[in-house]
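Please read the structure below before turning to the comments.
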Protein chains: 2
Amino acid sequence: MQESYLHELLKVDDQEIRLTEKQAHILAAAIEIFAEKGYAATATSEIAKRAGVAEGTIFRHYPAKKDLLLAIVKPGVLKFAVPVFASNMVEHIFNREFDGFEDLLSVFIYNRLDFARQNVAILRIVLQEFAFHPEIKKTVEESFLEQVYPKIKETITGFQKAGRLKQMPLKTMVRCIVSPILGFIITRFILNPDAEWDEEQEVDNIISFIMKGIEAEA
Amino acid sequence: MQESYLHELLKVDDQEIRLTEKQAHILAAAIEIFAEKGYAATATSEIAKRAGVAEGTIFRHYPAKKDLLLAIVKPGVLKFAVPVFASNMVEHIFNREFDGFEDLLSVFIYNRLDFARQNVAILRIVLQEFAFHPEIKKTVEESFLEQVYPKIKETITGFQKAGRLKQMPLKTMVRCIVSPILGFIITRFILNPDAEWDEEQEVDNIISFIMKGIEAEA
DNA sequence: CCTTCTGGTGAGTGATTACTCACTTACATA
DNA sequence: TATGTAAGTGAGTAATCACTCACCAGAAGG
């Protein structure tokens with residue numbers, strides 16, 4: 001992971017974060033090893049070794065091992081959630097700049113696909129650890145409920161009122177839309193990353209699959 | 001978890017497994033704690049304590065901590081995979097005892113839903129640990145590739161040839177079918193188990209969602 | 001009655017763990 | 001040049017870890 005990118009990722013609320021060179025090495029090493037063997041199985045001594053710093057340096061910046069985990073995961077979750085529907089994206093739809101839900105879906109999928117591509121390690125860590133750390137679970141749930149869900153809700157009910165989408169409980173519909181996308185992202189980057197993937201074809205198929213499943217009957 | 005059920009679960013290839021009372025307690029305790037806090041974060045001393053046995057007793061039956069994990073996970077994975085399409089199920093379809101793919105899907109979903117309901121803890125453990133333990137990953141992949149995938153393939157291509165299902169790469173179609181089902185099972189039992197769920201309505205919606213997405217165009 | 005076997009025990013062990021702290025170094029500002 | 005401050009160090013520590021081992025109990029068989 002490049003340090004400039006790491007730096008960018010950890011920026012929250014546009015607040016600049018000062019990172020020492022060593023501090024960046026610590027974060028990069030921690031991301032790598034947490035993703036490889038899991039948080040609980042990772043020794044701080046190993047992080048220090050791979051980062052090329054003394055073990056004490058880690059605890060100078062992060063009072064406990066768990067703070068290091070949170071320093072990685074929280075900004076990652078926020079960055080994943082916030083731009084899901086960039087504010088101008090939703091406007092575009094209602095300004096008819098998009099043909100319809102299908103185009104929106106396409107933009108959304110490619111967007112999250114690229115994010116996942118650049119953050120496989122963090123994605124792994126979040127998926128693995130959020131079950132065991134209430135703070136992570138809370139961050140995920142909050143950013144979803146506050147950032148993602150309302151915009152999805154607005155969008156979907158809009159299309160439903162316009163008669164373009166089927167009537168179906170909102171949560172069920174969201175799950176039906178998100179599941180195949182997440183399923184693809186996870187198989188693409190985590191379960192079977194080494195296979196040859198024709199992403200464009202896959203995305204096309206997923207989109208048409210989802211659309212058929214949720215569009216209003218003719 | 002009842003011991004009789006535990007006993008049943010651990011039976012592989014119909015070979016009876018003799019379980020001491022203490023041994024059963026060890027397994028039950030290990031399942032509980034592994035699911036709660038993860039394998040790596042679980043101390044053998046804690047398992048012994050909750051099981052009400054001496055720590056040495058664990059290592060009398062399982063040479064290493066990891067063997068205890070595998071003794072839980074492997075039979076769980078096998079029991080989950082093998083009956084996915086019970087041999088008579090596929091026959092039924094081609095004997096026209098099912099109306100079509102839709103009925104098959106319904107049986108499949110309710111079947112796996114009940115399995116998940118009875119095995120939430122093991123499900124959690126498998127989801128959490130299979131990323132870090134090659135033996136688990138291998139077991140999952142093998143039982144999927146050998147038991148599940150061929151039967152799915154046979155079934156789907158059958159329906160495709162009969163002109164009932166859309167032409168779509170097999171793997172993509174399988175992922176599209178499985179993702180919403182897994183997505184529901186995971187939200188139902190792991191992410192949000194305490195919510196009130198109208199399972200029948202959910203399943204109906206999921207089935208119609210999937211069917212619209214994969215059936216051949218009229 | 002003696003032997004053998006299996007199941008069970010719990011104190012003990014060396015290795016590893018997260019974390020501490022007295023100390024050094026680098027650098028900015030007075 | 002003196003001084004304060006933040007970054008960095010690494011030996012040290014108490015706690016905990018997975019695992020061992022000498023020993024005990026009871027049942028089975030001769």
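Computed from a prediction, not measured in an experiment: that's the story for all the values here.
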Between dT16(D) (P) and K65(B) (NZ): distance, integer Å | 15 Å
Between atom NZ in K22(B) and atom C1' in dC24(D), what is the gap in whole Å?
-> 13 Å
Between E55(B) and T44(B), do the side chains contain an N or O donor and an N or O acceptor separated by less than 3.5 Å?
-> yes
Using atom CD of E21(A) as one end and atom C1' of dA6(D) as the other, report the distance to the nearest whole Å.
-> 16 Å
Calculate the interatomic distance between R60(A) atom CZ and dG8(D) atom P; express it in whole Å.
-> 9 Å
Is the phosphate of dA6(D), meaning OP1 or OP2, less than 4.0 Å from a side-chain N or O of H61(A)?
-> no
side-chain contact (heavy atoms from CB on, under 4.5 Å) evaluation trace for I206(B) with R175(A) = CA-CA 9 Å; I206(B) 292 174; R175(A) 224 181 39 243; 3.8 Å; yes
Taking the side chain of A43(B) as heavy atoms from C-beta outward, which of dG8(D), dC17(D), dT9(D) is closest to it?
-> dC17(D)
Taking the side chain as C-beta and beyond, is there a heavy-atom pair between K79(B) and F115(B) under 4.5 Å?
-> yes
R188(B) and E199(B) ion-paired at < 4.0 Å | yes
Heavy atoms of chain A, cut-off under 4.0 Å: which first and last nucleotide of DNA chain C, 5' to 3', fall inside that, if you could look?
-> dT17(C) to dA22(C)
I26(A) CD1 - dG8(D) P separation (whole Å) | 7 Å
Judged by nearest nucleotide, the residue sitting upstream toward the 5' end of DNA chain C, G56(A) or V53(B), is V53(B)
Hey, does the side chain of S45(B) come within less than 4.0 Å of dA18(D)'s phosphate (OP1/OP2), counting only N and O?
-> no
When you measure from the side chain of K65(A) to the backbone N and O of Y39(A), does any donor-acceptor pair fall under 3.5 Å?
-> yes
Whole angstrom value for the distance that separates P of dA18(D) from CG of D67(B) | 14 Å
In terms of ring plane angle, is the pair Y149(B) and F144(B) parallel, tilted or perpendicular, where the classes change at 30° and 60°?
-> tilted
In whole angstroms, how far is the P atom of dA22(D) from the CZ atom of F59(B)?
-> 17 Å
Flag the pair W197(A) / F184(A) as yes when their ring centroid distance falls below 6.0 Å, and as no otherwise.
-> yes
Could you tell me the separation between the CD atom of E55(B) and the P atom of dC23(D), rounded to a whole number of Å?
-> 21 Å
